[in-house]
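Heavy-atom basis, side chains included; hydrogens, waters and symmetry copies ignored.
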Amino acid sequence: MTTLTDRDLEKAPIASPVTMAGALNRALADALREDSSVLVFGEDVGTLGGVFRVTDGLAATFGEQRVFDTPLAEAGIVGTAIGMAMNGLRPVVEMQFDAFAYPAFEQVTSHLAKLRNRTKGRVALPIVIRIPYGGGIGGVEHHCDSSEAYYTHTAGLRVVTPGTPADAYALLRQAIECPDPVIFLEPKRRYWSKETTTLQHTAATLDRAVVRRPGSEVTLISYGGALGTALEAADAAAEEGRSVEVIDLRSLSPFDDETVAASVRRTGRAIVVHEASRFCGYGAEVAARLSEQCFYYLEAPILRVTGFDIPYPPPNLEEHHLPSIDRILDAIDRLQWQDSSGTVKADG
Amino acid sequence: MTTLTDRDLEKAPIASPVTMAGALNRALADALREDSSVLVFGEDVGTLGGVFRVTDGLAATFGEQRVFDTPLAEAGIVGTAIGMAMNGLRPVVEMQFDAFAYPAFEQVTSHLAKLRNRTKGRVALPIVIRIPYGGGIGGVEHHCDSSEAYYTHTAGLRVVTPGTPADAYALLRQAIECPDPVIFLEPKRRYWSKETTTLQHTAATLDRAVVRRPGSEVTLISYGGALGTALEAADAAAEEGRSVEVIDLRSLSPFDDETVAASVRRTGRAIVVHEASRFCGYGAEVAARLSEQCFYYLEAPILRVTGFDIPYPPPNLEEHHLPSIDRILDAIDRLQWQDSSGTVKADG
Amino acid sequence: MVTLAPAAPTSTNPQRFLPTETPLALLDAGGHVVADAGLVMPSDDILLALHRKIVLGRRFDSQATALTKQGRLAVYPSARGQEAGEIGAVVALRPQDWLFPTYRDSMAVVARGVDPVEVLALLRGDWHCGYDPYGYRVAPQCTPLATNALHAVGLAHAARIKGEDTVALVMLGDGATSEGDTHEALNFAAVWKSPVVFFVQNNGYAISVPLSKQSAAPSLAHKGVGYGMPSMLIDGNDPAAVYAAVAQAVAAAAAGEGPTLIEAITYRIEAHTNADDATRYRDRGEVESWLARDPLTRLRQHLTGRGLLDEAAIAALDAEAETEAAALRQRMNVDTVQDPAELFRYVYAEQTPALGQQQQELARELAESEDQ
Amino acid sequence: MVTLAPAAPTSTNPQRFLPTETPLALLDAGGHVVADAGLVMPSDDILLALHRKIVLGRRFDSQATALTKQGRLAVYPSARGQEAGEIGAVVALRPQDWLFPTYRDSMAVVARGVDPVEVLALLRGDWHCGYDPYGYRVAPQCTPLATNALHAVGLAHAARIKGEDTVALVMLGDGATSEGDTHEALNFAAVWKSPVVFFVQNNGYAISVPLSKQSAAPSLAHKGVGYGMPSMLIDGNDPAAVYAAVAQAVAAAAAGEGPTLIEAITYRIEAHTNADDATRYRDRGEVESWLARDPLTRLRQHLTGRGLLDEAAIAALDAEAETEAAALRQRMNVDTVQDPAELFRYVYAEQTPALGQQQQELARELAESEDQ
Ligand SMILES: Cc1ncc(C[n+]2csc(CCOP(=O)(O)OP(=O)(O)O)c2C)c(N)n1
Ligand SMILES: Cc1ncc(C[n+]2csc(CCOP(=O)(O)OP(=O)(O)O)c2C)c(N)n1
Ligand SMILES: [Mg+2]
Ligand SMILES: [Mg+2]
């Protein structure tokens with residue numbers, strides 16, 4: 001079904017400033033153009049172009065058959081996407097906000113994740129569910145959930161979240177081409193952060209983490225909305241003479257053990273940083289598996305800097321909930337550093 | 001609203017054999033009798049007495065106003081329970097099987113868990129959602145999910161699972177009296193296991209773990225359906241001269257750090273045993289928090305013996321998925337035991 | 001306690017559940033009384049009360065929109081144009097009844113008597129719900145669409161079980177009717193014969209999505225028959241009709257006749273929220289045509305025509321509305337300070353040790369950062 | 001590709017969406033032709049095909065129940081008594097159409113041509129779905145209620161987008177109509193005018209819960225008008241009526257007229273599954289009264305009455321059914337061995353390293369335990 005047009009030729013690799021929302025929009029446009037089996041649908045994604053404008057202009061360019069608004073029903077969106085994929089299409093659907101994907105939970109968990117396995121590989125569901133997620137934008141309740149752990153615990157789903165515009169483009173392109181269902185979590189507070197880059201289909205690899213910043217003494221493992229904070233914390237730590245490596249997981253499921261474990265074995269110290277609540281949050285898996293894989297290399301317990309175990313706070317209190325640079329620096333300080341006299345500095 | 005009848009006096013504390021299903025039935029009956037605000041409803045819980053007969057006879061005894069069948073809609077059941085609780089009742093609702101609670105996920109996550117917090121404590125939701133969960137009964141797909149991690153990651157919910165008939169009774173009584181919403185997970189493969197015991201309201205404490213079997217060299221941390229396997233494994237290990245402590249968590253959220261960390265600090269080795277898939281499963285939290293809390297006491301990494309990261313298998317393959325005695329014993333062997341010469345025995 | 005046998009399905013006369021084919025109205029766009037309206041005209045006192053609350057409600061609404069421009073509110077979804085529905089439905093409720101509003105229905109919540117500053121706590125970003133639901137019998141404004149419909153049914157069913165004379169009214173948008181929860185709520189209510197009024201404000205859009213992409217039904221009120229529930233289709237810009245329909249449904253519910261589905265045809269004059277750009281999906285002309293059907297103008301013309309209202313009374317009322325708006329502005333123009341400890345206080349009835357620890361961690365952090 | 005504008009809502013004549021008040025039938029309980037049935041009587045060939053497939057289907061069904069007693073099946077939900085629906089609907093489908101069955105509909109899946117042993121893989125516990133959905137255009141039998149309705153709509157909508165002449169028929173129970181997914185599916189299909197047939201077998205119970213606790217509607221088919229969808233209420237024990245109604249709905253869908261909702265009134269003669277005890281919630285008398293409305297007897301009386309069928313033909317057919325049942329018994333009477341490696345093979349298109357490792361762990365374990 002792939003039909004290349006000469007508009008592809010326009011994509012000269014000249015670096016230019018692009019936002020994550022813009023990169024995602026480009027990824028959708030390019031996928032729609034290159035593969036006529038790709039469809040984009042959901043609530044307000046057609047005429048309006050999505051409440052975050054990620055689908056801006058797509059309905060006008062590709063027509064109402066390919067980019068369209070559905071009735072307001074999330075189970076309906078995911079359930080019909082499943083049927084469409086069974087019939088050879090590649091739906092890319094949007095859930096308007098994190099908490100509004102919950103009505104689709106049964107369709108995601110009991111069907112989307114399982115149909116390939118159920119049919120011994122006969123029925124593939126190449127579906128991408130795009131979910132703007134996380135906080136940091138002053139949104140009211142139900143608009144700021146970090147819901148990744150619900151999906152990562154569900155076997156059969158891939159869960160991906162980009163941290164930069166370039167990755168957003170490459171990962172979304174690959175997610176759309178992927179024969180597995182992909183939960184594509186878009187950190188909404190990064191939608192408008194710009195990067196000067198060339199958008200390339202091949203730049204990132206769907207299930208591989210990336211070292212965003214090399215370092216030798218501590219590994220910060222992060223993703224999505226918290227990644228920027230982790231990078232800033234690493235910069236701040238560097239000023240205090242601490243060499244911090246920052247890993248952007250990108251693929252939350254499957255987990256890239258190779259890249260991450262290698263880093264943690266090298267540094268001997270690790271902190272997971274994410275916005276979601278701590279208890280049974282994604283960081284628990286990261287800490288548990290690395291504690292097991294890197295047990296003999298660890299100088300200190302793996303710490304988690306995360307949101308608290310509370311419902312997402314109202315806008316005027318969210319700054320306290322979100323992992324901050326200071327909170328990450330504090331955690332780094334608690335990693336059992338020895339001073340020259342050999343005594344442990346932190347109160348641990 | 002509490003009305004005690006003289007039938008209470010009949011409850012003489014004479015130990016007698018009781019199944020977990022029977023204990024749960026008694027708990028419901030006693031709660032209905034003692035508190036006229038308690039209601040029991042769901043699919044087939046009335047006339048039929050539930051597909052597992054946990055509500056057997058309750059409709060006949062307490063009438064259709066208090067014990068009744070609803071239309072077949074799980075969001076409807078939880079959503080109306082929320083409204084009833086807002087109006088002073090104490091609904092105890094049943095989701096027929098684990099995977100059939102997913103349609104209610106939005107009501108559970110966005111309302112049940114959050115309404116107290118949303119209203120600064122003004123609106124309490126003393127609701128119990130009973131969910132028969134887990135495998136081991138030869139059930140077909142969607143009837144065997146271990147879905148605890150979805151709930152334990154959700155702040156505002158209590159998540160409880162009994163391992164024995166006596167606990168089933170006491171925990172359900174307390175769950176019904178608890179002012180917080182409680183997800184009450186019933187390990188369906190333990191429904192018919194008998195215990196000779198007296199059912200007492202006060203025996204277990206809703207948020208405390210219990211040491212089911214004392215030991216000094218390894219701590220097995222388990223709950224629900226896998227608990228029995230963990231206990232059998234401990235017995236088998238004892239025959240090989242290994243002293244294994246077994247903790248029954250009972251309350252998955254909140255987590256009883258005190259009891260568990262004390263044990264792990266004492267033994268220096270721990271294994272979490274559960275049926276659910278490993279990746280981002282409940283055991284991840286247990287391993288992560290204990291690795292942090294007990295870092296300096298650990299002789300070996302905390303291991304997880306769990307289901308694989310796959311959809312629940314068909315009946316004829318489920319034995320391979322479920323944690324077995326052998327798999328637990330294997331894990332114990334991998335816990336970096338030193339032989340007398342001081343070298344590590346395991347292949348680690 | 002009453003006996004609660006589920007309603008037996010009846011195969012007799014499904015027509016009685018059907019709405020009319022055109023919306024019922026008591027007052028036409030010019031404020032003239034419609035003949036044979038099929039609804040009971042409210043008393044003059046009620047009409048005057050509706051007028052008064054609409055004036056105050058509209059002023060509240062425009063003040064709230066203005067507060068977003070001053071950065072005092074994070075966001076505000078205006079109900080301008082929908083005043084007949086917002087006010088008419090609330091005025092028809094009795095004190096013992098409950099209201100289950102959505103994010104759109106701040107005006108209705110204010111009309112029910114909740115302090116506007118408490119109402120706006122949500123949109124100011126201070127807390128998720130700023131008022132005591134029990135104080136006003138108003139549930140927290142609900143964002144996850146259609147979920148509140150089930151809460152209303154549950155509360156009403158509990159009232160019946162307890163023998164209380166309470167009706168629950170739930171507000172829904174046209175978009176929300178597509179959600180599974182709406183279906184389940186209608187069905188539970190019909191089977192249980194719960195005292196519930198489902199009040200759907202069909203304002204033509206769900207954000208940008210027009211009704212034609214939401215439903216192919218003759219009307220949303222035609223859903224009622226599929227549950228065995230009487231349904232009404234009304235002119236949602238006619239305050240008298242809204243009041244009359246809701247009052248009738250409340251009375252039926254209170255009399256044990258079960259739930260009613262009401263679809264009120266109306267229009268959202270402003271964008272979905274101040275953050276939305278409605279020009280992307282609808283013409284100015286469409287908005288103009290609905291301005292000509294303004295609920296306040298209509299009611300005012302009727303009342304002045306009948307001599308129940310004069311320029312002086314209107315001027316006095318407008319002045320009162322301005323005073324209230326000014327007071328609101330002033331009260332909203334202070335910087336509020338939220339105590340971060342509140343984050344940990346209401347998650348459970350009793351704080352868990354882990355939450356206590358997290359609260360302390362945060363307190364320590366804040367103390368440290370103050371030290372610096 | 002065709003243009004897919006959503007159907008404009010029409011306010012004209014909602015009556016055309018309503019079902020009849022009594023179920024349409026072509027043959028009465030005695031097998032006599034009903035006058036002015038409002039349905040087209042199928043050809044004699046079709047009637048004979050229905051008869052044949054019902055005999056074979058019923059024998060398959062009773063064989064499957066017998067296999068549970070022998071421990072060869074974990075569980076089996078019988079469709080005995082519902083043969084008119086199970087078979088009539090499937091025979092009305094064209095080869096290019098799709099069937100979306102539930103756990104109850106093994107008989108329908110077999111009638112569609114799927115090898116019964118492959119069908120029973122699920123209930124034997126070998127694998128979740130034993131057949132290739134694409135080989136037969138039959139989706140896996142669906143357990144989570146009503147979820148399959150959305151899949152059917154999606155598949156049908158995709159067919160329209162691709163310009164394929166494919167209709168999707170989804171089977172639902174009366175209980176499943178209460179789920180939100182049914183509502184969403186009906187609505188999406190109506191708005192999109194998707195070529196879907198919603199075939200609801202109202203067998204009076206959802207496990208133990210009778211229809212009166214499930215719905216207060218005049219009929220479940222009365223839900224159609226609330227979506228702008230034509231609806232039919234039919235006698236679900238009349239194979240001719242089921243065939244005629246479904247064939248008509250399939251033809252309409254194929255002609256671009258959109259979806260139809262069909263409610264077929266029938267009865268489940270056996271318990272919910274072999275594990276269920278139906279005496280707990282219904283009288284033997286009720287079952288007896290439905291036995292008197294048996295779909296096979298009815299069709300057979302009609303065919304023999306018209307001389308289209310005689311004792312010899314019936315005996316031959318019964319013998320054929322016995323042979324098939326014996327073959328099935330034999331094929332099911334072997335112990336199957338599942339390869340545990342399969343558990344890890346189909347979770348993702350390409351196995352992840354972590355799953356590869358888990359597969360190896362299990363293999364090592366199994367090898368060790370064999371060693372012992
Ligand atoms: C379950 C859910 N899905 C999506 C949203 C996002 N959302 C908020 S308002 C809205 C449109 C609602 O339209 P309608 O029900 O007609 O109400 P109106 O805004 O017109 O009053 C949407 C899609 C939500 N709040 N909840
Ligand atoms: C979402 C969901 N909830 C609950 C169940 C458990 N369950 C299986 S069959 C059944 C009754 C279904 O009744 P109906 O739809 O009338 O179909 P029938 O069994 O009569 O064919 C129930 C409650 C389920 N399979 N899926
Ligand atoms: Mg609307
Ligand atoms: Mg049924």
Side-chain angles (χ1 to χ4, degrees), chain C residues 5-23 146-147 150 174 177-194 202 209-229 231 233 258-259 261 263 265, chain D residues 5-23 146-147 150 174 177-194 202 209-229 231 233 258-259 261 263 265:
Chain C
T10 165
S11 62
T12 57
N13 194 16
Q15 300 293 331
R16 75 195 166 91
F17 299 121
L18 291 175
T20 50
E21 288 200 30
T22 51
T147 53
L150 284 163
D174 45 307
T177 65
S178 295
E179 290 280 5
D181 276 16
T182 300
H183 169 74
E184 299 186 12
L186 289 166
N187 193 43
F188 275 63
V191 171
W192 290 349
K193 272 198 161 226
S194 304
N202 176 353
V209 181
L211 186 67
S212 60
K213 291 183 182 170
Q214 204 66 250
S215 173
S219 80
L220 298 174
H222 275 86
K223 295 191 187 298
V225 65
Y227 305 95
M229 187 185 299
S231 312
L233 177 64
L261 170 61
E263 177 187 4
I265 307 288
Chain D
T10 166
S11 63
T12 58
N13 196 16
Q15 299 293 332
R16 75 195 166 90
F17 299 121
L18 291 175
T20 49
E21 287 199 31
T22 51
T147 54
L150 284 163
D174 46 307
T177 65
S178 296
E179 290 280 5
D181 276 16
T182 300
H183 169 72
E184 299 187 11
L186 289 165
N187 192 43
F188 275 64
V191 171
W192 290 348
K193 272 198 160 224
S194 304
N202 177 353
V209 181
L211 186 67
S212 61
K213 290 183 182 170
Q214 204 65 250
S215 173
S219 79
L220 299 174
H222 275 86
K223 295 190 187 297
V225 65
Y227 306 96
M229 188 185 299
S231 312
L233 177 64
L261 169 62
E263 177 187 4
I265 307 289

Exercise: identify the closest heavy-atom pair between S215(C) and G226(D)
OG-O, 4.5 Å
Rounded to the nearest 0.5 Å, how far apart are CG of N187(D) and CD of E179(C)?
10.5 Å
Using 0.5 Å steps for rounding, measure from the CD atom of Q214(C) to the CZ atom of F188(D).
8.5 Å
Main-chain N/O of T177(C) paired to H183(D) side chain as donor or acceptor, under 3.5 Å:
yes
Please identify each residue that fulfils side-chain hydrogen bond (donor to acceptor under 3.5 Å, both in side chains) with S231(D), with sequence neighbours left out.
none
Quick one: closest heavy-atom pair of E184(D) and S178(C), and the distance?
CG-O, 3.5 Å
Under 4.5 Å from any heavy atom of chain D, what part of L220(C) do you find: side chain, backbone, both or neither?
neither
Contact summary for A217(D) and V225(C), nearest pair of heavy atoms
CB-O, 3.8 Å
Going by side-chain hydrogen bond (donor to acceptor under 3.5 Å, both in side chains), name the residues that satisfy it together with D174(C), two or more places apart in sequence or in a different chain.
none
Please determine, among P210(D), G258(D), G180(D), the option with the most heavy-atom pairs under 4.5 Å with chain C.
G180(D)
Nearest-0.5 Å distance that lies between atom NZ in K223(D) and atom NZ in K223(C)
10.5 Å
